[in-house]
There are 2 protein chains.
Amino acid sequence: MNTQFKRGILEICVLALLAENDQYGYAIIHALSQHIDVGENTVYPILRRLTKEGYTETYLTESKAGAPRKYYTMTKLGFAHYMKQRDEWSAFLAGVYQILNRGGKKHEDLYRRFKARTEKTTTE
Amino acid sequence: MNTQFKRGILEICVLALLAENDQYGYAIIHALSQHIDVGENTVYPILRRLTKEGYTETYLTESKAGAPRKYYTMTKLGFAHYMKQRDEWSAFLAGVYQILNRGGKKHEDLYRRFKARTEKTTTE
DNA sequence: ACACAGTACTATACGTTACACAATACCTGA
DNA sequence: TCAGGTATTGTGTAACGTATAGTACTGTGT
């Protein structure tokens, strides 16, 4: 999986979970990794950054099954940031959609077109 | 606009245009910039990278209105790469969609939920 | 003839972010 | 006590968008 795709979007995904409920890092990682390929080395830094920037705050709770958990809770600033990021993301997606889906969208269409074009110009 | 969003996707967008027809850099930049915010400093490096990796090849043509144009043409390898990237992108998007669109999707819904949650726990 | 705008491309340096690698620490069950 | 699941932190690296700057060619207005 192209790791570049995740840049910027992972943060939004984390914010999306925190907009629902307070969560601790490990749980967030599990939730995210059910849908996208992501590990602890990636998510924890995001959580630290969000906190550093005032988008989230933390509190510790003890756990019966392991080390204490650091819960992250979204601030109002964080929610506003989340809304803004969502907007930018969907605007960006709309633009990309326009570019990727001109003419034939399906692979067969694309392949037929490409093949037709390359064959008449002695490519090989 | 979050510049991070573009990582990896810009390359796909360029490939999408080249899958249709041979194009020169300046034209590609114009086509892309109608839909997403992107400049020459970003696109030319991508074109060079694509060529370096064998996904595109180039040929020069003279132009009546300016410097000679370097046309980029997609190789078979490039087309295969394009198809693969498209697949990965849509798989990634599907995952992100699952995460971002659980429960209420619209801003009003999200806001109502967030507000309700924060108000009952003496935030402020 | 010269400045200038538009066209077209190249090169260097930097910042952000995902992530590999590594370490720490707590608890439970065999 | 040792493995394994839980839970977090820190360091270093690589990719890629992009700001900045520069080269070079053509046609037009003055």
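Just so we're on the same page: letters track the sequence lines, and every chain starts at 1. Predicted model only: the values in this text are computed from it and were never measured.
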Specify the separation, in whole Å, of atom CD1 of B:I29 and atom C1' of C:dC9. 9 Å

As a test of understanding, state which of A:L32, A:I28, A:I46, A:L18 forms a side chain to side chain contact (heavy atoms under 4.5 Å, CB included) with A:C13. A:L32

Mind checking whether A:F92 and B:F5 have parallel, tilted or perpendicular rings, split at 30° and 60°? tilted

Test side chain to side chain contact (heavy atoms under 4.5 Å, CB included), reference B:T56, set B:T51, B:T73, B:L77, B:L47, output is B:T51

Residue pairs meeting salt bridge (Lys or Arg N to Asp or Glu O under 4.0 Å), one or both in residues 12-28 of chain B, sequence neighbours left out, come to A:R102-B:E20, A:R117-B:D22

Once each nucleotide of nucleotides 14-23 of chain C is scored for protein heavy atoms under 4.0 Å, what B/S/- sequence comes out, 5' to 3'? -BBBSBBB--

Which residues share a side-chain hydrogen bond (donor to acceptor under 3.5 Å, both in side chains) with A:E40, sequence neighbours left out: none

Parallel, tilted or perpendicular for A:F79 and B:F114, by the 30°/60° rule? parallel

Compare side-chain N and O positions of B:K70 against OP1 and OP2 of C:dT10 and report whether any pair is under 4.0 Å apart. yes

Rounded to 10°, the helix from C:dA1-D:dT30 to C:dA30-D:dT1 deviates from straight, judged by its five-pair end axes, by 10°

Are OP1 or OP2 of C:dT10 and a side-chain N or O of B:Y44 less than 4.0 angstrom apart? no

So, B:S90 side chain and B:R86 main chain: donor-acceptor pair closer than 3.5 Å or not? yes

Tell me, do B:I36 and B:K6 make a side-chain contact under 4.5 Å, heavy atoms counted? no

Distance in angstrom units between B:Y24 OH and C:dT10 P, rounded: 15 Å

Can you measure from OH (A:Y82) to OH (A:Y55) and round to the nearest 0.5 angstrom? 15.0 Å

Give the first and the last nucleotide of DNA chain D, reading 5' to 3', that has any atom under 4.0 Å from a heavy atom of chain B. D:dA15 to D:dG27

For A:R112, check salt bridge (Lys or Arg N to Asp or Glu O under 4.0 Å) against everything at least two apart and list the hits. A:D109

